[in-house]
Colleague: 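Quick one: structure below, then a few questions.
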Amino acid sequence: MLAYRSQRIAYAYFAAALVLFSLQLAFGFLALAKYLGPDPLLDVLNFATAKAIHTNLLLVWLLTGFMGSAYYLVPEESRVEIYSERLAWMQLALWLFAGVTTVVGYLFGITEGRKFLEMPLVLKFGVVIVMLIFLFNVAMTIRRAGRFTTTEGVLLGGLAGAALLFLPGLIPFDNYTLDRFYRWWVVHLWVEGVWELIMGGLLAFLLIRLSGADREVLEKWLYVIVGLTFLSGILGTGHHYYWIGTPRYWLWVGGFFSALEPLAFLGMAIYAYTIIGRSGLAHPNSIALHWTLGSAIFSAIGAGILGFAHTWPQVNQWTHGTHITTMHGHMAFFGAYAMIVFAMISYALPALTGSSDAERQTRLGLAAFWLMIGGMFGMTMALAAAGITQTYLERILGLGYLETQQKIQVHYLMWLGTAVIFAAGAGAYVWDFVRAGAPRAEPGPAT
Amino acid sequence: MTKATTRRFFFAGTALFTLVFIGLTLHTHSTIARRTHSDRLDERVVRGLHVWARYNCENCHTLLGEGAYYAPDLTEIVAQRGKGYLAAFLANPAAFYSEARDRRLMPTLGLSEPEIADVLEFLTWVDGIDSNGWPPRPILVAGAAPRGLPGIETRVDAERPGDRGQALFNGAGACAGCHAVAPGVRLVGPSLSGIGITAAERVADASYGGTATAAEGYLRESILEPSRFLAPGSNYATPDGRSYMPDHYPKVLAAGQVDDLVAYLVTLR
């Protein structure tokens, strides 16, 4: 049962996110097939297009999930209905319109050609408008409530920061080095900066709800975690400034501070582990518990440790631009951001569909969790083997790029096999979501 | 420790590191013109950057190591391949690589001649950026430049000229990126297997139109004036007879380095 009627908006955001997630996997498989080659679609839908769609869908579905999570969370935290449901629907429609138009445009070769920021400029302005509508709607909600918790503050701070840091991505530069420099303000300061606030906020909310732990204690440590994020992550941007034409001191600054970046993720893992350890796995929604704890641990490995593995300049000069990055990227995005969205969806779904937590503790839902994390772990291992082999043969021994690619085909086959396991889990998750039934929004308790 | 303390830690830390970051950003800006040779950044380079973006190049390739990992890094490609070859390649990649052999092929993007010229200007300019020494060793598109591991690699300061030449061939000179020394292996240029013998035969042949009189002279001429005499075979030169081999070696190689390379190549018999 929903506490606030307007929380039902979250269902539409989650459903849209899962559709886009499924499409992301389809384009991922398409791109992976091209690694195995030959490519019958070479002149129809080439690798660059498939990959751009794969990564853009990732960003779009995660942000859809974040915004849906915020619409679910803010009423409960501020104890009031959302300011305007209609605005939230308009926002979703405009957002999906911009997203779908972008992807269709890619199919016709309309692109700005900057990795992750390929969206044409006019649609980027559409995204800015969407973010402004969203921030206005939640700001008005909180203003009306007069109650503003640290947890939602961190979440919304992250989303507002994401909107603000999107702006440097709108500026065109003639100098490639400057173009790169500010592209990382968006990409790095999103995923290794403000997005961690989003994750931290959602994690704190879930831990409060799932463990019943004291909010004051949780929010105290939340400040430490997000403090560590910015302490390391802001100057950690420098690990993208080693080789693009920026001064040499970035090797030291970027190396040192990005080496500290795992602290925030390790902090989140310890945080979740300790809190759940104290309360025990008592909450009836064990699927949400799995995803919450899983996200904290997986992000510590994928984003924290695997990022650390190649962030030091003496290592990075050899691994830069190899599948080592693919390895880190897949597990980091999945652990930190995809899993926290799945945790929110799984947590909110019983209330959104009017069933009890215990009813939603399905075997299918658990199978989805284990298949997805097992598959992603396997993909990470396959990519690690590919990346290490590539670094050694191509960068150190001096074998050509094409010859090296032939040598690592076997790892691509393993990548494919483990990706199939992952996709089976994803399919199970989506089916479990569908099976939960249509959203029901009986009015909650009077407010 | 109270929540108020940790809140202060968050806000103070964030403010401090944001200020440091902005300070470093301002300083970085003041160095970019020098580090990227912005005097060479003319309108052709800018148009080339737009071509690079419009055709979504970085979702397959990397440049300065940034981009996607489906195709080779292009940071030093103009120095390695030369503009003549690259222009012909970009117009029709299928003429140079085989999808059946390599499992992948660059699509024919339908680039116009001006677009090709511009993107090559852009790539030339990018190679001039001071990238703090990256890549530490040349990254090759195809073939192999067996360098050995640090400590046991062939050394450019070896005692014998031929040994120095071999190190240069496989290393900084990146000759191995286009020429195999194994028999029958064609990368971009012809295999140099047995070139010591072949060079002597060519000089003696009536069809030879160059100025050399011996194998050493032929090899020197091939390095410094690659279009003077074209080795037989297709896809080695433009239709009007300009070799795809870059003609910048008189500028980028010291006289002693050319001697070393010749000393090495003449031993390939």
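As a basis for the values below, the full set of heavy atoms in this structure was taken, side chains included, without hydrogen atoms, waters or symmetry mates. Labels below follow one simple rule: chain letters A, B, ... track the order of the sequence lines, proteins then strands, and each chain is numbered from 1.
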Colleague: Where does B/T14 contact chain A at under 4.5 Å (heavy atoms): side chain, backbone, both or neither?
Modeller: both
Colleague: Side chain, backbone, both or neither: which part of A/Q390 has an atom under 4.5 Å from a heavy atom of chain B?
Modeller: neither
Colleague: With a 4.5 angstrom heavy-atom cut-off, which part of B/P72 approaches chain A: side chain, backbone, both or neither?
Modeller: both
Colleague: Name the option with the most non-hydrogen atom pairs under 4.5 Å to chain A; the candidates are B/K3, B/H29, B/R54.
Modeller: B/K3
Colleague: Would you check if the side chain of A/H188 reaches a backbone N or O of A/G233 as a donor-acceptor pair within less than 3.5 Å?
Modeller: yes
Colleague: With chain A as the partner, which of B/L187, B/T75, B/L63 has the greatest number of non-hydrogen pairs under 4.5 Å?
Modeller: B/L63
Colleague: Check for a donor-acceptor pair, side chain of B/R35 on one end and backbone N or O of A/G245 on the other, with a separation under 3.5 Å.
Modeller: yes
Colleague: For the interface with chain B, which of A/H323, A/R180, A/E219 has the highest count of heavy-atom pairs at distances below 4.5 Å?
Modeller: A/R180
Colleague: Taking atom NZ of A/K407 as the centre, report whether more than 12 heavy atoms of other residues, nucleotides or ligands fall under 6.0 Å from it.
Modeller: no
Colleague: Let me know if B/T31 has heavy atoms under 4.5 Å from chain A in its side chain, its backbone, both or neither.
Modeller: side chain
Colleague: Do you know which of A/N175, A/V217, A/L251, A/L178 has the most heavy-atom pairs with chain B at a distance under 4.5 angstrom?
Modeller: A/N175
Colleague: A/P172, A/P38, A/A31: which one forms the most heavy-atom pairs within less than 4.5 Å of chain B?
Modeller: A/P38
Colleague: Keeping the roles fixed (side chain from A/Q405, backbone from A/E403), state whether a donor-acceptor pair exists under 3.5 Å.
Modeller: no
Colleague: Say whether, by atom type as modelled, one donor and one acceptor occur between the side chain of B/Y85 and the main chain of B/G189 under 3.5 angstrom.
Modeller: no
Colleague: Under a 4.5 Å cutoff for heavy-atom pairs, which residue among A/P313, A/G227, A/G37 has the most contacts with chain B?
Modeller: A/G227
Colleague: Which one, A/G109, A/G321, A/A50, leads in non-hydrogen pairs under 4.5 Å with chain B?
Modeller: A/G321
Colleague: Can you confirm if the NZ or CZ of B/R104 lies within 45° of the ring axis of A/F47 and under 6.0 Å from the centre of its six-membered ring?
Modeller: no
Colleague: Measuring heavy-atom distances to chain A, does B/Y69 have an atom under 4.5 Å in its side chain, in its backbone, in both, or in neither?
Modeller: both
Colleague: Tell me, side chain or backbone of B/L64 under 4.5 Å from chain A's heavy atoms, or both, or neither?
Modeller: both
Colleague: Could you look at B/D130 and say if it's the side chain, the backbone, both or neither that has a heavy atom under 4.5 Å from chain A?
Modeller: backbone
Colleague: Sort out for me which of B/L109, B/T62, B/L49 touches chain A most, counting heavy-atom pairs under 4.5 Å.
Modeller: B/L49
Colleague: For the interface with chain B, which of A/V224, A/T246, A/D43 has the highest count of heavy-atom pairs at distances below 4.5 Å?
Modeller: A/T246
Colleague: At a heavy-atom separation under 4.5 Å, does B/T2 approach chain A through its side chain, its backbone, both, or neither?
Modeller: backbone
Colleague: Does any heavy atom of chain A fall under 4.5 Å from the side chain of B/L105, the backbone, both, or neither of them?
Modeller: both
Colleague: With only heavy atoms counted, which part of B/F122 is less than 4.5 Å from chain A, the side chain, the backbone, both or neither?
Modeller: side chain
Colleague: Please classify the contact between B/R8 and chain A as side chain, backbone, both or neither, with a heavy-atom cut-off of under 4.5 Å.
Modeller: neither
